[in-house]
Number of protein chains: 2
Amino acid sequence: MASTDPAVRTAAGRLRVAVPSVAERVASELRLQLAEGALLPGARLTESTIAEDLGVSRNTVREAFAELASERLVVRHPNRGVFVASLGAGDIHDVYTVRRAIEVSALRGGGSPEDVAAVRAAVEEGKRAAVAGDDEAGGTANQHFHGAIVAMAGSPRLNTIMAQVLAEMRLFFHKATADAYFYQHYLPDNEAICEALEAGELDRAADLLSAYLDRSEDKLADVHGESGTE
Amino acid sequence: MASTDPAVRTAAGRLRVAVPSVAERVASELRLQLAEGALLPGARLTESTIAEDLGVSRNTVREAFAELASERLVVRHPNRGVFVASLGAGDIHDVYTVRRAIEVSALRGGGSPEDVAAVRAAVEEGKRAAVAGDDEAGGTANQHFHGAIVAMAGSPRLNTIMAQVLAEMRLFFHKATADAYFYQHYLPDNEAICEALEAGELDRAADLLSAYLDRSEDKLADVHGESGTE
DNA sequence: AATCGAAGGATTGTTGAACAATCGCTAAAT
DNA sequence: ATTTAGCGATTGTTCAACAATCCTTCGATT
């Protein structure tokens with residue numbers, strides 16, 4: 001998620017506890033507020049305001065902005081400021097294009113038994129959330145499911161790309177989260193995909209996932225429908 | 001490639017000529033030096049030195065570093081400085097995992113006749129370079145080829161991801177570029193893939209590309225072989 | 001002699017203040 | 001009503017300073 005390593009090895013070889021830089025902490029804080037919906041898409045982030053609120057220098061806020069901008073969570077308008085990114089219809093399709101490419105590829109490659117177990121665990125997590133009627137938990141479980149699929153590829157780069165894409169989607173999911181059945185509706189799909197994966201039928205699992213993503217995109221596009229494109 | 005848009009629309013609706021910020025210009029300059037091999041992997045980039053050399057503030061250099069770090073062209077070691085990224089064996093495999101996911105997916109999706117024509121153009125560009133014996137031109141033609149494949153997906157995000165990955169690879173390609181036949185060797189593959197694509201046999205084209213990438217990775221791993229892993 | 005520990009120097013991380021450039025807005029002028 | 005000019009605010013960038021941290025060197029100890 002963060003661009004720099006959490007644990008650093010000093011020259012002497014000792015492992016040092018990672019104490020995130022102030023800029024990274026600011027970025028994390030903003031990331032949190034973005035995920036929580038405290039900062040809505042399109043909202044403006046004034047440097048001086050945030051600097052005061054968080055008790056840091058304006059320059060440090062600036063560095064945090066650079067990090068968030070590289071993650072597309074925020075958009076820089078030169079000389080105008082940074083704004084919380086707002087995804088339009090085109091962006092939704094784009095994000096799903098990325099997800100299709102990454103997730104399907106990872107699923108086709110299969111994974112170790114532990115990797116598969118992680119996918120299964122995410123499925124069960126989703127079921128429990130559904131039983132408890134906890135939509136938010138269902139949402140995170142769903143993200144765990146897809147994260148576990150990508151993790152099968154064992155690729156750090158794919159993992160970070162996936163994490164960023166999911167963070168982007170979380171940006172406007174507040175709207176969709178209201179739909180009570182939004183996540184539960186996908187539970188059978190997750191189950192089917194997981195079963196195919198466990199049975200070693202990778203191609204079938206990949207096809208199921210692909211169809212799953214297509215439907216998910218359509219649904220999200222419907223829910224969205226009206227918001228601004230840029 | 002750059003994180004901010006090149007052309008910005010002012011509130012009044014007028015189109016403003018994109019004058020890249022100083023930080024972006026510094027980042028571009030460093031990117032250029034990295035691509036040219038003026039800065040070798042592992043080399044240290046001292047803030048004050050670069051600030052003086054380019055006649056900008058240390059703070060601005062810092063912002064440029066943040067951008068390059070987000071592109072993985074440079075690695076930040078907290079309190080130690082930033083270093084030109086050096087790819088180890090694991091990184092090579094990882095980069096190719098990303099490429100397989102993205103390129104194969106884009107190829108499977110097919111594209112418009114114009115998209116296919118762009119792929120064909122890149123193939124011919126590579127042939128001309130081979131005839132002329134220009135290895136460097138052959139290398140860029142090869143990158144155009146793969147870039148055109150990804151462009152078929154019509155996804156801005158996939159395009160930037162691909163661009164970053166290619167930039168990463170260029171980082172240590174200086175070593176491999178020495179091999180005269182390195183790129184030419186792949187020309188038949190490019191031709192075959194392009195023909196399958198033009199024939200509308202997307203699955204076959206995708207399989208060819210996948211095999212191509214596997215072989216390319218093996219070859220690159222061999223050439224590499226000895227360099228540091230971190 | 002080898003290991004350990006304590007200065008020393010250098011570089012990064014962060015702050016604060018300053019200033020020019022640019023933007024959006026308001027109000028005046030045509 | 002449209003355009004122009006001016007104004008306030010915010011960003012972009014620089015500069016200077018200081019604390020924190022690291023690497024190295026040197027010296028002390030066993």
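Just so we're on the same page: letters track the sequence lines, and every chain starts at 1. Only this structure's heavy atoms are used, side chains among them; waters, hydrogens and symmetry mates stay out.
- Residue B/S21 places its side chain closer to D/dG12 than to any other of D/dT14, D/dT21, D/dG12.
- Look at A/R76 and you'll find a side-chain N or O under 4.0 angstrom from OP1 or OP2 of D/dG12.
- Across residues 58-66 of chain A, A/R58, A/N59, A/T60 each have a non-hydrogen atom less than 4.0 Å from an atom of DNA chain C (numbered order).
- Taking atom CG of residue B/N79 and atom C1' of nucleotide C/dT12, one finds them 6 Å apart after rounding to whole Å.
- At whole-Å resolution of the value, CD in A/E67 and P in C/dT14 are 12 Å apart.
- A donor-acceptor contact under 3.5 angstrom links the side chains of A/E29 and A/Q33, judged on distance only.
- Exactly one residue among A/L166, A/T160, A/N159 makes a side chain to side chain contact (heavy atoms under 4.5 Å, CB included) with A/M162. That residue is A/L166.
- Taking the six-membered ring for Trp and the full ring otherwise, the centers of B/H146 and B/Y186 sit at least 6.0 Å from each other.
- For A/L45 and D/dA9, the CG to C1' distance is 17 Å, given to the nearest whole Å.
- What separates CD of A/E24 from P of C/dT12 is a distance of 16 Å, to the nearest Å.
- The aromatic rings of B/H77 and B/F83 lie perpendicular to each other, with more than 60° between the two planes, well past the 30° mark.
- Checked against D/dC15, D/dC23, C/dT15, the side chain of A/V56 finds its nearest nucleotide in C/dT15.
- Of the candidates A/V84, A/L68, A/V82, A/L39, A/L73 forms a side chain to side chain contact (heavy atoms under 4.5 Å, CB included) with just one, namely A/L68.
- The pair B/D134-B/R128 fails the salt-bridge criterion, with no side-chain N (NZ, NE, NH1 or NH2) lying under 4.0 Å from an Asp/Glu carboxylate O.
- Distance from the side chain of A/E47 is smallest to D/dT11 among D/dT11, C/dC23, C/dT12.
- Separating the CZ atom of B/R80 from the C1' atom of C/dT11 is a distance of 11 Å, rounded to the nearest angstrom.
- To the nearest angstrom, P of D/dC22 lies 13 Å from NE2 of B/H77.
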